[in-house]
Amino acid sequence: MTTTANPPPRQATPAPRAKARPGDRIFSWSTRTAGVLILVVLAGVAAFLIVEALPTFQADPAEIDGGEGFFSYVWPLVFGTLAAAVIALIIATPLALGIALFISHYAPRRMAQGLGYVVDLLAAIPSVVYGLWGIQWLAPRVQGAWAWLADNLGFIPIFTGPASATGRTMLTAGVVLAVMILPIITAISREVFLQTPTLHEEAALALGATRWEMIRMAVIPFGRPGIISGIMLGLGRALGETMAVAMVLSTGGFTWSMVTSGNNTIAAEIALDFPESSGLKTNTLIAAGLVLFAITLAVNMFARWVVSRRKEFSGAN
Amino acid sequence: MSKRIDVGDLNVYYGSFLAVEGVSMAIEARSVTAFIGPSGCGKSTFIRTLNRMHEVIPGARVEGKVMLDGEDLYAANVDPVTVRRQVGMVFQRPNPFPTMSIRDNVLAGMKLNSKRMRKAEADDVVEQSLKGANLWNEVKDRLDKPGSGLSGGQQQRLCIARAIAVQPEVLLMDEPCSALDPISTLAIEDLIGELKQNYTIVIVTHNMQQAARVSDRTAFFNIAGTGKPGKLIEMDDTTKIFTNPSVKATEDYVSGRFG
Amino acid sequence: MTVDTRIPAVSSLAQNQLPRATTPVLLVLSLAAGAGLSAALGFSWAWFAVFFIVLFAVVNTTVSGVVEGRRKATDKLVTTLVYTAFGLALIPLISVSWSVVDNGLERFGADFLTTSMRNVTGLNDQQAVDGEAEFIGGAYHALLGTFLITGLATLISVPIGLLTSIYLVEYGRGRLARAITFFVDVMTGIPSIVAGLFAAALFAVLFGVGTRNGFAGAVALSVLMIPVVVRSSEEMLRIVPNELREAAYALGVPKWRTIVRVVVPTAISGIASGVTLAIARVVGETAPLIVTAGFTSSINSNPFSEWMMSLPAYVYSQAMRPLSGSVPEPSFDRAWAAALTLVLIVMLLNLIARLIARLFSPKTGR
Amino acid sequence: MNLSIARRRLAPVAVVGAAALVLAACGSDPDTDNGDDADSTETEGSGGDGGSGETESDLSGSLNGAGASSQESAMQAWIAGFQGENPDVTVNYAPDGSGAGREQFTSGAVAFAGSDAALDEEELAAAETACGAPAVDLPLFIDPIAIAYNLPGVDNLQLGPETLANIFNGTITTWNDPAIAADNPEATLPDTAITPVHRSDESGTTENFVEYLAAAAPSVWTHEISGDWPAGLPGEAGAQTPGVLQAVDAAEGTIGYASAAAVGDRTTAAIGVGEEFVEYSAEAAAAVVDASPRAEGRAENDIAIELARDTTESGAYPIVLISYTIVCTAYADANTGDLVKGFVGYMASDEGQQAAADAAGSAPISPDLQAEVQAVVESIEVG
C-alpha cells in the first residue's frame with residue numbers, strides 16, 4: 001500500500017493555523033503535492049501538444065491534407081469520433097447498467113462475485129485482440145444485419161446503402177467499442193450499486209416498493225454520480241481508442257451512412273498515419289490530437305456539471 | 001383501517017441458525033404493542049417478519065404463520081410487496097431518501113401506486129401526512145429542500161410521515177427513538193399516542209419507561225445464552241408486565257436486576 | 001386522512017396474484033413459440049433469440065399487467081430486461097474470451113513463456129509448418145517487459161493517483177481542488193499515442209535524444225493511468241459515510257490516521273477494483289510503448305537501459321506483420337498466445353488486488 | 001503502525017516480488033538453427049566482407065535502428081542471421097514507420113533507419129549534421145506488390161495499367177466490364193460488383209502502388225501521389241497488409257494490392273507491361289530495379305533509385321516497393337560504426353539477401369547492385 005509513503009517533511013509549508021500535528025501536515029502536504037504533480041504533468045503534455053501542433057495553424061491551408069486547411073481536414077474526423085463513441089455509449093450504457101444491476105441486485109450472491117471478477121478481467125483484453133475479434137468474428141456476422149438495414153431503412157441517412165460487403169463499418173466499430181467499454185461502465189456502476197446504504201433500500205421496500213421501484217428510488221439516485229463517472233470513463237476510452245477502430249473500420253471519407261465503409265476517428269487516424277508521416281503531416285496529426293483532447297474535455301465538463309447540479313441531493317454527506 | 005395480527009408458532013432462521021423460536025402472540029388493532037428485552041434476543045428480527053422485511057437479509061427465512069386479519073402473510077402466492085403496502089415500517093436510524101426533497105420523500109410511497117396525482121391532491125397528502133407526523137409547522141416553508149438537511153428527530157418524523165402517507169394498516173417501529181434526543185423522543189412518543197387512533201402499532205424499544213409510557217400491551221423477549229434462539233417469555237397488558245409479571249425473568253428485567 | 005388514493009380495498013393478500021408457476025410456464029411457451037416462428041423463417045439463432053425474448057417480455061408483462069396491475073408488470077418487465085441485458089452482453093464477452101482462450105492455447109505453454117524471439121525468423125515458421133522443425137519463439141522477453149513496465153507504471157501512478165483523490169475528497173477546497181478535478185478530466189482525454197510522444201520528448205530532453213527504455217514506457221503509461229486511478233478512487237472515497245470519519249475524529253484520531261486507517265480501508269475494495277481497471281487500461285497499450293520503450297526480440301531485464309519489449313507490442317507485430325508473409329499462422333498463434341498471457345497477467349493482478357482488498361477492508365456482511 | 005499490520009501490508013508485495021524473481025530466472029533464448037548454419041557454411045566468405053577487417057566475433061554491444069514496418073520481417077531475418085554469427089551483439093529494429101525512422105535517424109536517435117522513401121534534401125542536411133558526414137540511402141529490400149483478387153472461377157486474370165487504374169478509380173464497377181474482357185479474351189467473367197480494397201494506414205506500399213498507376217496510366221490516375229489512399233474513391237480499406245488481405249478474403253468481387261510475400265495462395269493478376277502481361281516474381285521485380293535510373297543530384301555514394309514504373313522492358317514487373325537502409329558515411333562512435341558496417345554488410349551479402357528472401361519473401365537485389373552497396377559499406381569511416 002502506498003498511503004504510508006510519506007515524503008520527508010523538509011518542504012512542509014509552515015502551518016497556517018496554530019499547531020497542526022506533524023503527521024497531518026506531512027500527509028496533507030503530500031496529497032496536495034500529488035495533485036499539483038498532475039497539473040505539472042498535464043502542463044507538460046499541453047505544452048508539448050501546442051508546440052507540436054502550432055505549425056499546422058501557421059501553415060498554408062493548401063499544404064494540409066485535402067488542401068483546404070486544417071478545419072476541413074479535421075471535421076469529418078470529429079464527426080467519426082463522435083459517431084463511434086455515441087453508438088458505443090448507446091449500446092453499452094443500458095447493457096452495462098443491466099449487468100451491474102444483475103450482479104448487485106438480481107443474481108445469487110455466489111454467482112455475482114464470480115461474474116464481477118470475470119467482468120473486471122474483460123477490461124484487460126488488449127485492444128488489438130478486440131480488433132482481431134471484430135474483424136474475424138463480428139464483422140461477418142453483422143454484415144447481413146447491416147445489409148438488411150440498408151435495404152429496408154435506407155431512407156434514414158445513417159442507414160443509406162449500399163452496405164459494406166465486408167461488414168467493417170462505423171456501426172461495427174461502434175459495437176466493438178461498446179464491448180470494450182462495457183466492462184468499465186459495469187465495474188464502476190456495480191461498485192456503487194453495491195454501496196447503496198441498506199437503510200435506503202429498506203426504506204423503499206418498507207413502503208411497499210417492488211424490487212424495481214426500490215432500485216429506482218434508492219439505488220439509482222444514490223449511484224447516479226458513480227454511474228456518470230463510469231460512463232465518462234467509458235466514453236473517454238471510446239473516444240481515444242485507436243487500434244480496435246483502426247483495425248475494424250474500413251476507413252474513408254465522410255459519409256452520413258453508418259453501414260457503408262467510410263469515416264474515420266481522430267485516434268484511429270493518428271494511429272494509422274502517424275508512423276509513416278513526416279513534416280507538416282505529423283504536426284497536423286498532433287493538432288488533431290489536440291482537438292480530441294478538447295472534445296473529451298467538453299464531454300467531461302458536461303458530466304461534472306450534470307453531477308454537481310444536484311449536489312445538495314447527493315448520497316454521501 | 002388497522003388490522004390485528006396473530007402470530008402462530010413462528011421460527012426465524014438465518015441460514016441454518018435458529019434465531020427466534022416458537023413465538024405465538026396476538027396483536028390487537030388500534031393499540032400499541034411494545035417489544036422489550038435484552039440486546040440480541042431477536043426483537044428486531046421478529047418485528048421484521050411481520051412485514052417480511054427479513055427477506056432483505058440474505059439467508060433469512062421463517063417457519064410458522066403470521067395472520068393479518070385472518071390472512072397468512074406467508075401463504076403461497078402472497079407477494080411481500082403487497083404485505084409491506086399494508087404493514088409500514090419505521091427504522092432505528094432515520095432514512096429519508098437523500099436524493100429527494102422533503103415533499104418527494106413524503107410522496108415516495110404514494111407515487112408508487114397512483115399513476116397520476118393532481119398537484120392539489122398531492123399537496124393535500126403531503127400536508128396531512130406531515131401534520132400527522134407533527135412536522136408540518138417545522139418544514140412547510142422548505143418542502144423542496146433535501147430531507148437529509150433536517151435534524152435527526154425531524155428526519156425520523158419525516159420517515160413516519162412517509163410511512164403513514166400510504167395509509168398502512170399496521171405501523172412497525174424498530175427502536176424509532178434510539179438515535180434521538182429526549183425532546184425529539186417526546187415528540188415521537190406523543191405522535192405514537194395520536195397514531196394509535198388509526199393504526200395498529202408495534203414498537204421495539206430498549207427504553208422501558210418508553211414502553212411503559214406508550215404501549216397498551218408489552219411482550220418480553222429473552223435469550224438463554226449466546227448461540228441460543230431468542231424466545232417470547234411473556235406478553236400481557238403493559239401495567240401488568242411492569243407491576244406484576246408472572247415470570248421471574250421478566251420481573252428481573254423490568255426492575256433492572258437483570259445481569 | 002381525507003384523501004384516499006389507494007387501489008380498491010384489498011380483500012385478500014393473495015388477490016390479484018398470479019400463481020408462482022406462471023413465469024416458468026410462459027418462459028417455456030415463449031421458447032417453443034420463438035423456435036416455431038424462427039423455424040418458419042428459416043431457422044437462425046439470432047431470430048430465435050429475438051422472437052423468444054420479445055414474446056416472453058410482451059406476454060409476461062401483459063399477463064402480469066392485466067392480473068397484477070401496472071406496478072408488478074413494470075417490475076417483471078424490468079427483471080426481463082435486466083436478464084436480457086445480461087444475456088446479451090454475455091454473447092460478445094464470451095465470444096471474445098473464447099477467441100482468446102481457444103486460439104491462445106495453440107501455442108501457450110511453458111516453452112512459450114520461457115523463450116524469447118531472439119534469432120527467430122520467418123524461415124523457422126515455414127519449416128515448422130512444413131513439419132521440418134519444432135515451433136520456436138516465445139514471449140518471455142515481452143512478458144518480462146510488460147511486468148517491469150506496468151509494475152513501474154503502477155508504482156508511479158497509484159501513489160500519485162490515490163493521494164490526489166484523497167486530497168480532492170478530504171482536503172481539497174477552493175481553486176486548487178477545482179483545478180485538479182478539472183484537469184484530471186482533461187487528462188482522461190489524452191490519446192495514448194500523445195502520452196507516448198510526450199514521454200519520448202521528455203526523456204529526449206532529460207537523457208538525450210533517442211533514449212528509449214522500460215522506464216520511459218512506464219512514464220508514458222502513468223500519464224494514462226493516473227486519471228483513471230484518481231477518478232475511480234475519488235468515486236469510492238466519496239461514498240464512505242461521513243459518520244465513520246466523525247466517529248474516528250471523536251476518538252481523538254488525527255485526520256491523517258483517520259484517512260489511512262478508516263476511510264481508505266472502507267473504500268479499499270472499490271479502490272482495488274479501480275486500480276485493477278487502471279492497470280487493465282494500460283497493460284494493453286501498444287503505440288505509446290513502441291515510441292518510448294522500443295522494440296526488440298531479445299531479453300532485457302533492466303528497465304533503465306536499452307530497449308524493452310512488451311506483450312501488446314508483441315501481439316500487435318505478430319498479428320499485423322507476421323514473421324513470414326507466406327505462412328503467417330505461427331505468428332498469429334503467437335499473437336493469440338500472448339493475448340492469453342496478457343489476460344492471465346491481469347487475472348493475477350486482479351487476484352492480488354482482491355487479496356489486498358480482503359486484507360484491509362473492514363469485515364462486513366456484504 | 002504495528003508489526004502485524006506491516007507484515008500484512010507487505011504480503012502482497014512479497015507475492016509480486018517472488019513472482020518477478022521466478023520470472024526473471026526462467027527465461028532464455030530459443031534454440032535456433034540459423035546461427036549454427038551461418039557459422040558452419042559460408043560465414044567468412046560473404047558475411048565477413050561486410051566487416052571492417054576485424055574478425056566478427058569481436059563485435060559486441062547493441063545497435064538500434066528504426067523505420068519502415070515493411071522491412072520488419074526481413075529485418076528479423078537479418079538480425080537473426082547477424083546475431084547468430086555474433087552472439088554478443090543485440091540488434092533492435094523498431095518498426096515505427098518510415099517517417100518516424102527518418103526523423104529519428106536525422107536527429108541522431110538511432111544509428112540506422114529503414115525507409116520506404118529516400119531522404120529528401122532537408123533531411124539529408126539534417127542527417128549530415130547528426131552524422132558529421134553525409135548520409136546515404138542503400139536499397140536493400142525489394143518487395144514486389146501483388147494484385148490479389150477474390151473472384152471464384154477466374155484464375156488467370158490479366159489487367160492492363162489503365163484497366164487497373166480504372167478499377168481502383170471506381171470507374172469500372174463490375175467484373176464483366178468490356179475493358180476487363182478486352183484484357184482477358186479467354187476468361188468467362190461474372191457480373192459481380194467490384195470492391196477495390198486499399199490500405200487504411202499511410203504506407204509505402206500504397207505510395208508505390210499509386211506511383212505506378214500515375215506513371216503507367218497517367219490519363220486515368222490523376223490523384224495526388226502520397227502514402228495515403230486518395231480520399232473519396234469507393235471501396236473498402238484495411239489496416240496493414242493482413243487487414244487488406246482479410247478484406248479481400250471476406251467478400252467476393254474484391255481486389256486489393258499487398259506485399260507479394262504475404263499474398264500466399266490467393267489468386268493474383270498479371271500486369272500489362274508493354275505488349276505482354278507479367279506475373280510478379282522476384283526476378284521480374286529485380287529486373288525493373290536494374291532497368292531504372294539513379295535519382296540525380298545526390299551524394300556520390302547514395303544509391304537512391306528512380307523506379308521506371310512505365311517500363312516496357314520484357315519480363316519486368318513494375319509494381320515494386322524499394323525500401324532503403326539509411327546509414328551515415330562516418331560514425332564517431334567506433335563500436336556503433338563497426339556494428340553498422342558489420343550488420344549492413346551482412347544485409348547486402350548473398351547470405352543476407354537469401355535469408356530475407358526465404359523468411360520475408362523479398363526479391364534479392366542483383367549482384368551488381370550488391371557489389372555497389374558493399375563498396376559503399378566498406379567506405380564507411382569509423383571512429
Side-chain angles (χ1 to χ4, degrees), chain C residues 110-111 113-127 133-134 136-138 140-141 143-144 147-148 151 204 208-212 260-261 290-291 294-301 306-307 317 319-328 331-332 348-349 352-353 355-356 359-360, chain D residues 1 8-9 11-12 15-16 19-20 23-24 26-35 62 64 66 69-70 72-74 76-81 83-84 90-96 100 104 107-110 130 239-243 245 258-265 355 358-361:
Chain C
D111 191 48
L113 292 179
T114 55
T115 57
S116 72
M117 285 297 285
R118 190 177 164 96
N119 295 359
V120 179
T121 69
L123 200 55
N124 298 106
D125 283 354
Q126 288 162 23
Q127 288 165 350
E134 294 279 299
I136 53 168
Y140 172 73
H141 57 308
L143 180 64
L144 186 67
F147 254 108
L148 292 170
V209 172
T211 306
R212 291 194 198 189
V260 173
R261 301 296 295 278
I290 294 184
V291 298
F295 193 94
T296 175
S297 50
S298 304
I299 300 167
N300 172 17
S301 56
E306 288 307 322
W307 293 12
S317 77
M320 299 310 279
R321 295 188 292 271
L323 275 187
S324 164
S326 51
V327 278
S331 287
F332 291 163
L348 190 72
L349 290 173
I352 294 171
L355 191 71
I356 294 173
L359 284 177
F360 292 110
Chain D
M1 210 130 307
R8 283 199 316 180
R9 201 151 287 203
V15 171
V16 179
L23 189 71
C26 66
S28 69
D29 299 320
D31 284 329
T32 47
D33 297 332
N34 315 22
S62 68
N64 294 333
S69 54
S70 56
E72 188 185 352
S73 49
Q76 294 286 352
W78 285 324
I79 290 173
Q83 287 179 160
T90 297
V91 182
N92 298 316
Y93 181 75
D96 295 350
Q104 288 170 50
S107 66
V110 289
Q240 307 266 11
T241 301
L245 292 175
S259 161
V263 165
D265 303 336
D358 290 343

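Each chain gets a letter, A, B and so on, in the order its sequence line appears, and its residues count up from 1.
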S.K.: Out of A360(D), S69(D), S107(D), G108(D), which one racks up the most heavy-atom pairs below 4.5 Å with chain C?
M.R.: S69(D)

S.K.: Select one option (side chain, backbone, both, neither) describing which atoms of A319(C) are under 4.5 Å from chain D's heavy atoms.
M.R.: backbone

S.K.: Under 3.5 Å, is there a donor-acceptor pair between the Q83(D) and N119(C) side chains?
M.R.: yes

S.K.: Looking only at heavy atoms and a cut-off of under 4.5 Å, which of A204(C), S116(C), G122(C) has the most pairs with chain D?
M.R.: S116(C)

S.K.: Which bit of S62(D) comes within less than 4.5 Å of chain C, counting heavy atoms only: side chain, backbone, both or neither?
M.R.: side chain

S.K.: Which of the residues V263(D), D358(D), L245(D) is involved in the greatest number of heavy-atom pairs with chain C at under 4.5 angstrom?
M.R.: D358(D)

S.K.: Is there a side chain to side chain contact (heavy atoms under 4.5 Å, CB included) between L113(C) and Y140(C) once you walk through the steps?
M.R.: CA-CA 5 Å; L113(C) 292 179; Y140(C) 172 73; over 6 Å; no

S.K.: Check whether N124(C) reaches the backbone of T121(C) with its side chain - one donor and one acceptor, N or O, closer than 3.5 Å.
M.R.: yes

S.K.: What option among G243(D), A359(D), G264(D) has the most heavy-atom pairs under 4.5 Å with chain C?
M.R.: A359(D)

S.K.: With only heavy atoms counted, which part of A239(D) is less than 4.5 Å from chain C, the side chain, the backbone, both or neither?
M.R.: both

S.K.: For residues T296(C) and R118(C), is any side-chain donor paired with an opposing acceptor at under 3.5 Å?
M.R.: no

S.K.: Could you walk me through whether I136(C) and T115(C) satisfy the side chain to side chain contact (heavy atoms under 4.5 Å, CB included) test, starting with their C-alpha distance in whole Å, then the side-chain angles of each, then the deciding distance to 0.1 Å, before giving a yes or no?
M.R.: CA-CA 8 Å; I136(C) 53 168; T115(C) 57; over 6 Å; no

S.K.: Tell me, for E134(C) versus chain D, whether the close heavy atoms (under 4.5 Å) come from the side chain, the backbone, both or neither.
M.R.: neither

S.K.: Below 4.5 Å, heavy-atom pairs only: which of N64(D), T90(D), I79(D) has the largest tally toward chain C?
M.R.: N64(D)

S.K.: One pair to check against side chain to side chain contact (heavy atoms under 4.5 Å, CB included): D29(D) and M117(C). What are the steps and the verdict?
M.R.: CA-CA 7 Å; D29(D) 299 320; M117(C) 285 297 285; over 6 Å; no

S.K.: Check whether the side chains of D96(D) and Q104(D) place a donor and an acceptor atom closer than 3.5 Å, and report yes or no.
M.R.: yes

